[in-house]
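Reading through the structure tokens given below for one structure.
Letters go in sequence order (proteins before strands), and every chain restarts at 1. These values consider heavy atoms only, across backbone and side chains, with no hydrogens, waters or symmetry-generated copies.
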There are 2 protein chains.
Amino acid sequence: MAAVARHAGVSSMTVSNVLNNKPSVLPATREAVLKAIAELDYRPNTAARALASASNYRIGLFHRDSDSALLSAMLVGALNASARLGVQLNIKVYDQKSPLDSVRDFLSTSPDGLLLPPPLCERVSAAGLPEEYDVPMVALAAGRELGNMHCVRIDDEQAAYETTGILLRAGHRRIGFVRIPSLAGESRFAGYARALADQGLALDEALVWNARPTFDAGLRLAEEILPGKRAITAMFAGNDDMAAAFVNVALRTNLRVPEDISVVGFDDTPIAVKIWPALTTVRQPLGEIAEVATRHLVAQLQARDKETKAAPGGTTFVDYQIIERNSVAPPSS
Amino acid sequence: MAAVARHAGVSSMTVSNVLNNKPSVLPATREAVLKAIAELDYRPNTAARALASASNYRIGLFHRDSDSALLSAMLVGALNASARLGVQLNIKVYDQKSPLDSVRDFLSTSPDGLLLPPPLCERVSAAGLPEEYDVPMVALAAGRELGNMHCVRIDDEQAAYETTGILLRAGHRRIGFVRIPSLAGESRFAGYARALADQGLALDEALVWNARPTFDAGLRLAEEILPGKRAITAMFAGNDDMAAAFVNVALRTNLRVPEDISVVGFDDTPIAVKIWPALTTVRQPLGEIAEVATRHLVAQLQARDKETKAAPGGTTFVDYQIIERNSVAPPSS
DNA sequence: CTGAAAGCGCTTACAG
DNA sequence: CTGAAAGCGCTTACAG
């Protein structure tokens, strides 16, 4: 940095000011510094920044070992943001048997904040950990607003509403729905119900099944639903894994997808394009969610340090995207 | 750290020595420090360590956006190791169209070292970048020894040999093989050929197909091979994605897996358990590979700083594991 | 709008 | 075997 300062004929403080986008720097000075940075190909030392910035925050990102499909995007997003902000990110794997204990253990090491993906965020929120510990927590993709912690997510209800709309517009009237036990599941069910209501269709409880959001559960459910006379012409599965299970069972029982039955998923995980037909599904930008969540958490930390008390709860929305592939077609008559 | 030192009645230097396992510390002193650390629940500041240690290395880990299945494990492994070693890890996404340019771009920012997963490591090695730039590079899971950079990997040849053995022991004699265009593909093919030779079986070139290791390529190949009279009773696919494609096409063409045809994959990516039947496959411990590679790279950097010249090339092996699930059965007569 | 000084929490030679 | 001093590369108040 000293070299850049010399090159630009300013002090290293000014270089720092430019780097951190301080508004006080004169445009001309800023440009000179930027030019010096480019010419010397200078890259700030993350460690030094982290150390020097009063912040020096340490935040934890929890994840289960199992769901790598969702994990890598989140990791990359959180990593990017934390590197830029100079905060120390601790990646923690939690035990499925006692997730709360894992969180408490980590909390006992006095971290500055927590990043909680589902389903952990729901558990932590319900257990009242945000009130018990004075450590800011941010939920990722929680499905709906959480009273005691901020949440960064897509609008699950609206996404499910629009996705159901695609099925309705294709001509389907008997659309099955898998309701997964989570806040996201509830929000999506609400969106599905609203879409039906908008078309003047009654919600038929017989077409709604409750199941855990795993491939295995999807397999069992599909084996129960698909054979014989089917009540549905389309299935809105709880997520991509379940949708993949439906496609799999359909193929085994000589049903064509999408000709005989349409299937849509949720999440746009890698499996969506690793089966045939590729799944029509909703993309949640997990990387962006993690990035935004990390920034929000750090902002919360800084605000707190300045005694600007922030309100708990609240939501930041991130855009989703409906990806139409090959698993939806009009119902065969 | 000062608090720990005070608590233990020593200087902070001694605390540092304990933390870094310096042999000079007396057992009694060490214990006192360790006790103080535990009582105060002290955790060293990574940023400060990184900054203070003369090292202060910055290394890059490249990856494609596409293969998230392999990515997350590698990320976590490299992250763990780099946090522990206090080195700065830059995660870089490279462009598939011009991977070498991405590497050169990054190299121009003067990093201290590179971590290269396949297939990038092969390209970089073949292009002679290790000779061109004086930056240590370590290849992850490269499939076989690379002359100009160190490689951390499983023994692909032996893994394929053993996996083919499982098929042979189940009674299969006409075993198909998908040869993917990579060093790993070559090594695995060699293992397959050796297993056949061991049983006195001739290698039948008609049962060996070349294809890129993607789900789509697997789909096309399976659609060509499976219908009609089949030459094979089992297929050793190039990886899990391809194996999944074979299972998918088999189901669509009314073939039962594994009763009518056995299928095995390679990698043990998440898709292996997200299809039915779940795949018998070879697990590559990517997390461990990344961790070992990061440590090796840093060791190389430190050795170089001390002018202890290290030999280029060389290999560190990591154990693989054959996971037997439900996609293999004896051939139907 | 810009800069001189102090300090973030460690580690590295170097004494003793 | 242990410690006092300097310094890693930045940023944060504080002057001017």
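Ion pairing between R283(A) and E288(A) fails under the 4.0 Å rule for side-chain N and carboxylate O.
Taking every side-chain heavy atom of R49(B) into account, dT11(C) is the closest of dC1(D), dT11(C), dT11(D). Picking from dT11(C), dG9(C), dT2(C) the nucleotide with the shortest atom distance to the side chain of L51(A) gives dG9(C). For A52(A), taking side-chain heavy atoms from C-beta onward, the closest of the listed nucleotides dG9(C), dC8(C), dT2(C) is dC8(C).
In DNA chain C, runs of at least 3 consecutive Watson-Crick or G-U pairs, each pair with both distances below 3.5 Å, span C:1-3 with D:14-16, C:5-12 with D:5-12, C:14-16 with D:1-3.
Summarising the local packing, CG of D319(A) is surrounded by 12 or fewer heavy atoms from other residues, nucleotides or ligands at distances under 6.0 Å.
Residues meeting the side-chain contact (heavy atoms from CB on, under 4.5 Å) test with S11(B), sequence neighbours left out: M13(B), T14(B). In terms of the side-chain contact (heavy atoms from CB on, under 4.5 Å) criterion, residue partners of E39(A) (sequence neighbours excluded) are, by chain and number, H7(A), K35(A).
Residues R153(B) and T315(B) have side chains in contact (heavy-atom distance under 4.5 Å, counting atoms from C-beta outward). Put simply, the side chain of I154(A) reaches to within 4.5 Å of the side chain of D156(A), judged on heavy atoms.
For Y42(A) and dG9(D), the OH to P distance is 10 Å, given to the nearest whole Å. Spacing between atom CZ of R6(A) and atom C1' of dG9(D) amounts to 14 Å, rounded to whole angstrom units. Computed from coordinates, the N21(B) CG to dT11(C) P distance equals 12 Å when rounded to whole Å. Put simply, CG on L19(B) is 15 Å from P on dG9(C), counting in whole angstrom units. To the nearest angstrom, C1' of dC8(C) lies 14 Å from CE of M1(A). One atom, CD of E31(A), and another, P of dT2(C), lie 13 Å apart when rounded to the nearest Å.
Between Q284(A) and the choices D267(A), D268(A), T269(A), the side chain to side chain donor-acceptor pair (under 3.5 Å) rule is met once, by D267(A).
The side chain of Y57(B) contributes no N or O atom lying less than 4.0 Å from OP1 or OP2 of dC8(D). Contact between the side-chain N/O atoms of K22(A) and the OP1/OP2 oxygens of dT12(D) is found at a separation under 4.0 Å. The side chain of T29(A) places an N or O atom within less than 4.0 Å of a non-bridging phosphate oxygen (OP1 or OP2) of dT2(C).
Of the residues in residues 8-18 of chain B, those lying under 4.0 Å from DNA chain D by heavy-atom distance are V10(B), S11(B), M13(B), T14(B).
With DNA chain D read from its 5' end, the first of the two nearest nucleotides for A48(B) and P27(B) is the one closest to P27(B).
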Can you give each donor-acceptor pair under 3.5 Å made by side-chain atoms of residues 120-129 of chain A, sequence neighbours left out, with the distance rounded to 0.1 Å?
from, atom 1, to, atom 2, distance (Å)
E122(A), OE2, L183(A), N, 3.0
S125(A), OG, N148(A), OD1, 2.7

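Counting only residues at least two apart or in different chains, ring-ring contact (aromatic ring centres under 6.0 Å, His included) contacts with residues 80-130 of chain A comprise F62(A)-F106(A).
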